Amino acid sequence: MQARIHGPAGFLVLFTTRFGGFFYGMIAMTITNNTIRLSTNGDGVTTVYPVSFPFYEDTELVVILVAADGTETTQTLTTHYTVDGGGGATGSITMVTAPAAGERLVRYRVSPLTQETDYAEGDAFPADSHEAALDRLTMQNQEQADKLDRSLSLSETSEVTGNVSIEEPIAGHPLKWNATANGIENGSTDLDAIETNVAADAAQVALDKIATAADVVSTNADTTQTALDRIATAADVVSTNADVVAAAASATAADNATSSVVHKYRFDDSISLADPGAGEFRFNNATVASVTAIAFDATTADTGNPDLSDFIATWGASTNTVKGQIVCKKSGTPATFVVFNVTAAVTDNTGWLQVTVTHVASNGTWSASDVAYVQFIRAGDQGGGLVSLAGDTSPQLAAELDGQDNTVKKINLKDYGEVTNAIGSTGGGTQDIDLELGNSVSLTVDTSTNTFTYSNPTATGHLCGFTCFMTNGGSRTIVFPAGQDWVGGVAPTWTTAGVDVWVNTTIDGGTNWLGFVVGLDVK
């Protein structure tokens, strides 16, 4: 497809694409500031605040006053502030009341998503209105990009496909990937609920024991008054002992119930990465937030010190970057806790294991011999490769996309550009033009004979080419490859001191190249 747009002086510029086509167009650039959002601290005195990004209408500005406690209040035009400037330029806002110290004033632009420029056939080309329309479009794009930058998204290397759904939240439950690694679901474990249930069960056990003892006392009381007195005396002793027994029973019941879902360890306050001892664990840093590794003994502090090493060794087996999460809660003080991400394979040192972690959240302090309940929540493996982007209406790339010479079908290009391989001075001798470095090339010919070579074109059967912006091509001798052909079979006469633009294409993997002059001595 070819298209021509004539500027005020009839100036034309030729562009080429990797798909073998050409197009002409004018290039205008009036918005060079990417900023659309400003935030300034108040001082109780200043009322005028700059708006250093361009805008058109007063109503396109959104002004929010953020209080010291984080409360946000959207300000109303004319009621709280007035606007100067705009009309495609920068400006300022003037607050009716100066924001106080500790408050923050945020300003940003929200352009209407409309296009009101209409061109009548046969009229002179309206450059100003056309450029204004482009400015509007650029502003809209900047604002959409700002929204996208503030959104959560998967990493560019993630292989999760389709839409990622998240279940309705359940208080006190962690989130985890589902079994197929294509959605987020609530974990089934609620440690706070477990502790509450254990305490309730222990209390019921104590009540049952007291009720049984009361039945015995009531039966014996019917015998004689003397026995009743003795029983009453004994009852005081039994009551005291019952409290001790009930407390022990409660602790035992809680310990047994908790051990069914988590594992009991004692904290060792040493920070040396070595075997902490039977049933113990330790951090490699005295500051919890700075911990990067945990040493676990192979055995837990549960009754009989069972060996948990085979299970701990699997904690780093997931193919995800985050292998899972370790949650540690202090026994009797659940408000003292720490959560770590497991980020590498576990090192089994025979008798103790080293787990590489990063800190997520924590509260409280840990002391030597504190009893802790440790739970591991495994992350699912990474999903398969990318299948479809049908569910994503505006996919974003944060890095280079390598197509591995595969075919991309049925696409429409928008805001298209090509990477320029800026070679600079050729310096004489052999100068290679590597197409993997860009299909746009700029160079300056100097220093004796220059021999051009071309490398890394696409395979035979695919159109491949580049556009060359060559300075001073006629000042020195240029030797082209044997397969270089020109229109009419004659190489152009290059400009001695100036810029020549030419296009080179091949369809047979670089065996033969067809050269076309776009313009000589372009000024």
Side-chain angles (χ1 to χ4, degrees), residues 1-4 11-25 27 400-409 411 413 416-523:
M1 173 180 286
Q2 295 186 357
R4 292 180 173 82
F11 178 67
L12 300 176
V13 180
L14 174 65
F15 296 83
T16 68
T17 73
R18 300 184 187 183
F19 306 95
F22 304 93
F23 64 91
Y24 295 83
I27 300 177
E400 182 178 278
L401 176 64
D402 188 347
Q404 296 292 317
D405 288 331
N406 291 311
T407 300
V408 180
K409 299 191 302 182
I411 63 170
L413 296 178
Y416 166 79
E418 294 188 14
V419 174
T420 296
N421 175 14
I423 294 174
S425 296
T426 58
T430 299
Q431 176 59 61
D432 183 56
I433 297 177
D434 186 350
L435 271 68
E436 284 191 351
L437 300 180
N439 291 75
S440 170
V441 178
S442 64
L443 55 83
T444 298
V445 176
D446 61 5
T447 314
S448 70
T449 300
N450 293 262
T451 301
F452 285 177
T453 60
Y454 315 134
S455 61
N456 294 316
T458 52
T460 298
H462 299 279
L463 176 65
C464 178
F466 63 89
T467 301
C468 183
F469 294 77
M470 183 170 65
T471 302
N472 302 341
S475 65
R476 304 290 176 178
T477 300
I478 301 177
V479 179
F480 291 93
Q484 178 71 64
D485 294 327
W486 301 96
V487 176
V490 179
T493 300
W494 306 111
T495 303
T496 300
V499 177
D500 300 326
V501 181
W502 52 282
V503 176
N504 222 9
T505 61
T506 180
I507 59 172
D508 55 13
T511 301
N512 293 286
W513 290 87
L514 306 180
F516 304 89
V517 173
V518 176
L520 297 176
D521 196 16
V522 177
K523 297 179 180 178

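If you're wondering where the values come from, they're calculated on a predicted model, not measured in any experiment.
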For the pair [X] (side chain) and [Y] (backbone), establish whether a donor and an acceptor sit closer than 3.5 Å, ignoring hydrogens and angles.
{"X": "N512", "Y": "G510", "answer": "no"}
{"X": "N450", "Y": "G428", "answer": "yes"}
{"X": "T495", "Y": "D521", "answer": "yes"}
{"X": "D446", "Y": "G427", "answer": "yes"}

Within this structure, what is the [atom1]-[atom2] distance for the pair [X] and [Y], rounded to the nearest 0.5 Å?
{"X": "T467", "Y": "E418", "atom1": "OG1", "atom2": "CD", "result": "6.0 Å"}
{"X": "S440", "Y": "L435", "atom1": "OG", "atom2": "CG", "result": "11.0 Å"}
{"X": "C464", "Y": "I507", "atom1": "SG", "atom2": "CD1", "result": "11.5 Å"}

Locate the shortest heavy-atom distance separating [X] from [Y]; write the atom from each residue and the value.
{"X": "P492", "Y": "V517", "answer": "CG-CG2, 3.3 Å"}
{"X": "T505", "Y": "F516", "answer": "OG1-CE1, 3.9 Å"}
{"X": "A497", "Y": "N472", "answer": "CA-OD1, 3.2 Å"}
{"X": "A491", "Y": "W486", "answer": "CA-CD1, 3.5 Å"}
{"X": "S455", "Y": "D434", "answer": "OG-CA, 3.3 Å"}
{"X": "I411", "Y": "L413", "answer": "CD1-CD2, 4.0 Å"}

| query | Stepwise, does the side chain to side chain contact (heavy atoms under 4.5 Å, CB included) test hold for R476 with T426? | reply | CA-CA 11 Å; R476 304 290 176 178; T426 58; over 6 Å; no
| task | For T506 and D508, test the side chains for any donor-to-acceptor distance below 3.5 angstrom and give the result as yes or no. | result |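 Yes, D508 and T506 have a side-chain donor paired with an acceptor closer than 3.5 Å.
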[Y] side chain reached by [X] side chain, heavy atoms, under 4.5 Å:
{"X": "F466", "Y": "P457", "answer": "no"}
{"X": "Q431", "Y": "V445", "answer": "no"}
{"X": "F480", "Y": "N504", "answer": "no"}

| task | Could you tell me which residues satisfy side chain to side chain donor-acceptor pair (under 3.5 Å) with T511, sequence neighbours excluded, listed by chain and number? | result |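 By the side chain to side chain donor-acceptor pair (under 3.5 Å) rule, T511 matches no residue at all.
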| Would one find more than 12 heavy atoms of other residues, nucleotides or ligands at under 6.0 Å from atom CG of L514? |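 Enclosed: over 12 neighbouring heavy atoms sit under 6.0 Å from CG of L514.
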| said: ring-ring contact (aromatic ring centres under 6.0 Å, His included), that's the test. Do W502 and W513 meet it? Break it down for me. | reply: CA-CA 12 Å; W502 52 282; W513 290 87; 9.4 Å; no
| With T453 via side-chain contact (heavy atoms from CB on, under 4.5 Å) - residues at least two apart |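 Only T430, D432 meet the side-chain contact (heavy atoms from CB on, under 4.5 Å) criterion with T453.
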| Pairing residues for T493 by the side-chain contact (heavy atoms from CB on, under 4.5 Å) criterion, not counting sequence neighbours |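 side-chain contact (heavy atoms from CB on, under 4.5 Å) list for T493, sorted by chain: empty.
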| Full working for side chain to side chain contact (heavy atoms under 4.5 Å, CB included) between I423 and I433 | CA-CA 8 Å; I423 294 174; I433 297 177; 4.2 Å; yes
